**Student:** 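The structure under discussion is supplied below as C-alpha cells; questions concerning it will follow.
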Amino acid sequence: MDLRSALRRRLVNRPATLLVCLPGATRLRLEAAAELRYRGWPSASGPADADLLLVCAGPGGTGGEWLENVRGAMPWPAARTILHASGQAARALDEGARKVAAEAGTVPAATEARPGTGDGPPMAGRGDDRDGLRLDQLHLPLGPALPDWPAGLILRLTLQGDLVQEAHPECVDAGTHPHIPFWDEPWLRAARGEMVPRGAAARRRCAAHLDSVGRLLAVTGWDGPAARARRIRDGLLASPAGGGAVPGDELRRLVNRLERSRTLRRMTEGLGELPARRARALGVSGPALVADGDTYDRLCVWLHEIRRSHRALAAPGLLEPGDTGGPRGTVGDGILPPSRALLGALPELLAGRTFDAARTVLAGLDPDIDQLLAAPAQSAGAADA
Amino acid sequence: MPESTPLWGTLLLPLVLAGAAAAVAGADAVLSASARQGPAGSPRTAASRAALPLREGLRLLVQQPRRTTAADRALGRTGIALVPLAAVLAGAVLPWGFRAVIDPSVGIVWFNAMEALAWASVWLTGWGPNSALSLIGGYRFLALGLAYELPHMFALTTAALGAESLRVGDVVAAQQSLWFVVWMPAAFAVYLLSAMAMAFWGPFGGPLGGDAAGGAAAELTGVDRLVFLGGRWMLLVVTAAASVPLFLGGGHGPVLPGWAWTLLKTAAVLALLLWARRAFPLLRTERWMSRSWMVLVPLTLVQALVAAAVVLGS
C-alpha cells in the first residue's frame, strides 16, 4: 500500500485546478490564473475533472451552499484552498497541492451518490416552445462556478432541450462591502481627486478588454488565441507602471489575427443584436453602446480599444476627474453601474437562443458583478480591492 | 492482397492504437502549452509537456469515480465503452503497409458501420449521468452527425468508385500508379473534415465543448473519463489513418518499405489535423449545417460523377 500511496502522491503533484472567483476578488483571480499558467497546472473544465478547488474570496465572504455543492461534486482525492489576500497565490497553490497529496495518501471514504446539480432534481414542467408545441421545460441555474463565467453571476434559465426560453440574472449573495471594482479603479480614484497617470489607466483598460476577449474566445472554443490573450493580459498587469516588458508585437499579431478571421466572424455575428437606441433606453454605455450591433461588433470595438489603449500606454499626464469612461461604460459614484444595464439587457437577448449562442452572447457582454456589489467607499484608503 | 494475419497482429492492434493516441495527444498538449505558457525553452520542457496526457491518464486511474443522482449506469457505461471499441473495430480494416488485420470484401462499408457505434456512444454517454449539460453535449453530437454524415459517405463511395471495389486492399492496389487524392481532391478534403467530425474533435468538438463544462464528458470521472477521452483520441487516429489507404496510396512509395510510408503519411495527416484545430474556432453546427448540405453534398456528388466518368472512360 505504501507504493500505491507514494504513486498517488507523485501523481497529484500537478493537480487539475478549478478556479472559482467570488465577487470583489478580481485581482486575486488574475494573480491565481497567472500563477497557474506559469506552473502549467491543467485547468479543470468542471468539478468532475478537478483535484483542487481554488476559491478567490474577497472581503465579502466565502461563498454559500453552491460552493459546498461544487466541492462535494469533486471526486476523491480532492482538496480546497482559499485565497484571501493579494500576493499569496504561490503559497496558496503550494498549500493546495500539499492538501491534495495528503488526501491521496489516505483511504477514501465510502462513496455515496452525489447530486449532479442540487439535491433532488425537480421534475421537468411543460411549456410552449417557439413553434407552439407544449414541450418539457427544465429550470436550470447556471452557477457561479462555471469556467469562463462572470464571477458571482447566477443565470436562471428555462430550457427546452438546449433552447433557452427565459433567462433571469441574479447575483450571488455576498453583501455590499467597501471595495473599488478592479477594472474601474483608475477612473474611480481620479473621480475622487487622486492623481492617476494616463498610462496606468490605459494599461488597466487594455488588460480589461484582453480579459473579456480571452473569455469570449474561450467560450467560442478557440483556445489558442484565448490563451495568448490571457498571457498578454498577465504580462500587462505584471509590468511596473513605468514601463517594463510590454509585448507589443505579440499583441498586434493577435489583434490582426482576430480581426482577419472570417470563421470567428461567422460564429459570432447575428448573436445578441442590441441596437444603439435600445441600448440607450436600457442605460447601457461603453463598448456595448458604441458597437450598435451584435456580438461580433462588440468584439471589434474591444479589439479597437485594445489597440488604442496599447498605443496610449506611454501617454504623459494625469487623468482628468471628468474622464469617467471605464472599460464597460461610464462609472462614478451615483451613476448606474454599466453592468446593471447589461444584466437588464440579458433576458431579451438570450430568449429563444440555443445554449451555446446564449453563452456566447453573455461572454460578448461580459458584465462585471463587482460593480453591482461595491458600496461607496468611506475614503480612498479604506477601499483596497 | 489478402494475407492472413497472425493472432498476435490482432492483439497488437488495440495497443498500437492506444500508443498512437497517446503520441498524438502529447503533440497536441505541446502545442496547447506553447500557446498558454509560451514556447518550450528546452527539449526537457517540451518532453514534460508531451507527457501531460499520460500523467492525466494515470491521475484518472487513481481517481475514485463518483455517481450522480438517478444516473443510468448501464447505458452510460455502454456508451463510454463503445468509443474505444468503435475505434479498434474500424481500425481493423486499415492496412499497415499492405496487410490489415481483416480485409473483408466490404471493408469500406464495415468502416462506415463501425462509426455508427460512435454515434450511439456519445449520445448514451451524454444521457447516462442525468445531467442537463451532459445531455446537451449528447444532442450536439446528433446535430453534428446530421451535418457531416452524407458528405462523409459520398467521399468514401468516391474512393470505392475509383477502385471499383469496396475492399480496402483493392483500393490500395488501384493507387499503385497514381494516388486518388490527385484526381479526387474534393473527396479527400471532405473526408478530412468528416474525420474530425466523426471523432468530435477540433473544430467539431462541440459535443465536449468547454462552454457546456465539458458537454457529454462533464460528469465523467476516473476510469470512465479515461476510457472515453482516450477512446476519442484513438478514434481520431483511426479516422485520420483511414485517409491513407483510401486517398493517399497506402503503403505505396519509393525507397522505403510499405509500413514506413503508412507511418509517414498518417503522421502527415495528423499534423494537418492538429494545425486545423489551432487555425479555427469551434464550428457551431447551427452555423455550418446549411453550408454542409448546400455546398458539401453537391460537391461530393459532382466529385463522384467525375470519378465515375474517369473510371468508365479508362
Side-chain angles (χ1 to χ4, degrees), chain A residues 4 7-8 11-16 37-38 40 42 45-49 51 73-77 104 108 111-117 119-121 138 140 146-148 159 161-162 217-228 230-231 261 263-264 266-267 354-357 359-360 363, chain B residues 29 31-38 45 48-49 52 55-56 58-71 129-136 139-140 203 205-206 208-215 217-222 225 277-288 291:
Chain A
R4 276 175 65 192
L7 179 66
R8 283 189 188 129
L11 289 175
V12 295
N13 210 3
R14 289 197 200 185
R37 189 184 50 72
Y38 172 71
S45 59
D49 192 19
D51 297 317
M74 287 164 59
W76 180 95
T111 52
E112 57 211 68
R114 296 189 192 280
T117 50
D119 48 355
L138 181 66
L140 182 72
L146 269 182
D148 306 316
L159 288 178
D162 74 336
L217 290 176
V219 167
T220 322
W222 209 0
D223 293 323
R228 269 180 237 279
R230 287 165 171 167
R231 184 150 49 94
S261 168
T263 320
L264 184 62
R266 206 167 293 130
M267 289 300 124
T354 56
F355 182 84
D356 42 358
R359 275 220 66 178
T360 309
Chain B
L31 292 175
S32 297
S34 74
R36 188 176 174 225
Q37 299 169 256
T45 321
S48 145
R49 289 176 182 178
L52 182 67
R55 266 207 305 270
E56 286 292 292
L58 290 177
R59 173 179 79 93
L60 289 174
L61 276 177
V62 167
Q63 223 180 37
Q64 192 172 54
R66 64 146 177 95
R67 263 174 266 149
T68 47
T69 330
N130 189 27
S131 156
L133 296 180
S134 274
L135 196 57
I136 287 177
Y139 274 114
R140 278 187 192 172
L208 261 53
D211 61 334
E219 306 280 353
L220 294 183
T221 55
R225 193 178 188 94
R277 180 190 188 177
R278 309 238 121 56
F280 299 104
L282 212 68
L283 296 178
R284 288 210 318 275
T285 313
E286 64 169 343
R287 286 288 151 118
W288 79 283
R291 197 163 289 256

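Not measured: the values here are computed from a predicted model. Each chain gets a letter, A, B and so on, in the order the sequences are listed, and its residues count up from 1.
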**Student:** Determine whether Met74(A) and Thr221(B) make a side-chain contact, defined as any pair of heavy atoms from C-beta on separated by less than 4.5 Å.
**Tutor:** no

**Student:** Can you give me the closest heavy-atom contact between Ser48(B) and Arg14(A), atom names plus distance?
**Tutor:** OG-NH2, 3.6 Å

**Student:** What part of Asp148(A) lies closer than 4.5 angstrom to a heavy atom of chain B: side chain, backbone, both or neither?
**Tutor:** neither

**Student:** Supply the atom-to-atom distance Leu283(B) CG to Arg266(A) CZ, rounded to the nearest 0.5 angstrom.
**Tutor:** 9.0 Å

**Student:** Looking at Asp49(A) and Arg59(B), does any basic side-chain N land under 4.0 Å from a carboxylate oxygen?
**Tutor:** yes

**Student:** Minimum heavy-atom separation for Arg359(A) and Asp211(B), please, with both atom names.
**Tutor:** NH1-O, 2.8 Å

**Student:** With a 4.5 Å limit on heavy-atom distance, are the side chains of Leu159(A) and Ile136(B) in contact?
**Tutor:** yes

**Student:** Run Arg231(A) and Arg36(B) through side-chain contact (heavy atoms from CB on, under 4.5 Å) and show every step you take.
**Tutor:** CA-CA 7 Å; Arg231(A) 184 150 49 94; Arg36(B) 188 176 174 225; over 6 Å; no

**Student:** Measure Tyr139(B) against the heavy atoms of chain A and call it side chain, backbone, both or neither at under 4.5 Å.
**Tutor:** neither

**Student:** When only pairs under 4.5 Å are counted, which of Ala33(B), Gly38(B), Ser34(B) shares the most heavy-atom pairs with chain A?
**Tutor:** Gly38(B)

**Student:** Given side-chain contact (heavy atoms from CB on, under 4.5 Å), test Leu133(B) with Phe355(A) step by step and report yes or no.
**Tutor:** CA-CA 9 Å; Leu133(B) 296 180; Phe355(A) 182 84; 3.4 Å; yes

**Student:** Is chain B contacted by the side chain of Leu217(A), its backbone, both, or neither, given a heavy-atom distance below 4.5 Å?
**Tutor:** neither

**Student:** Hey, does Gln64(B) have a side-chain heavy atom less than 4.5 Å from the side chain of Pro75(A)?
**Tutor:** no

**Student:** Pick from Glu286(B), Arg140(B), Arg277(B): which one has the most heavy-atom pairs with chain A under 4.5 Å?
**Tutor:** Arg140(B)

**Student:** Strictly distance-based, threshold 3.5 Å: is any side-chain N or O of Arg284(B) a donor or acceptor partner for the main-chain N or O of Met267(A)?
**Tutor:** yes

**Student:** Among Gly40(A), Ser261(A), Gly224(A), which has the most heavy-atom pairs under 4.5 Å with chain B?
**Tutor:** Gly40(A)

**Student:** Return the option, out of Ser45(A), Ala218(A), Pro42(A), with the maximum number of heavy-atom pairs under 4.5 Å with chain B.
**Tutor:** Ser45(A)

**Student:** Check for a donor-acceptor pair, side chain of Trp76(A) on one end and backbone N or O of Pro65(B) on the other, with a separation under 3.5 Å.
**Tutor:** no

**Student:** Quick check: closest heavy atoms across Leu138(A) and Ala132(B), and the distance to 0.1 Å?
**Tutor:** CD2-CB, 3.7 Å

**Student:** State the CG-OG1 distance between Leu282(B) and Thr360(A), to the nearest 0.5 angstrom.
**Tutor:** 9.5 Å

**Student:** Using heavy-atom distances under 4.5 Å, tell me whether Arg228(A) contacts chain B through its side chain, its backbone, both, or neither.
**Tutor:** both

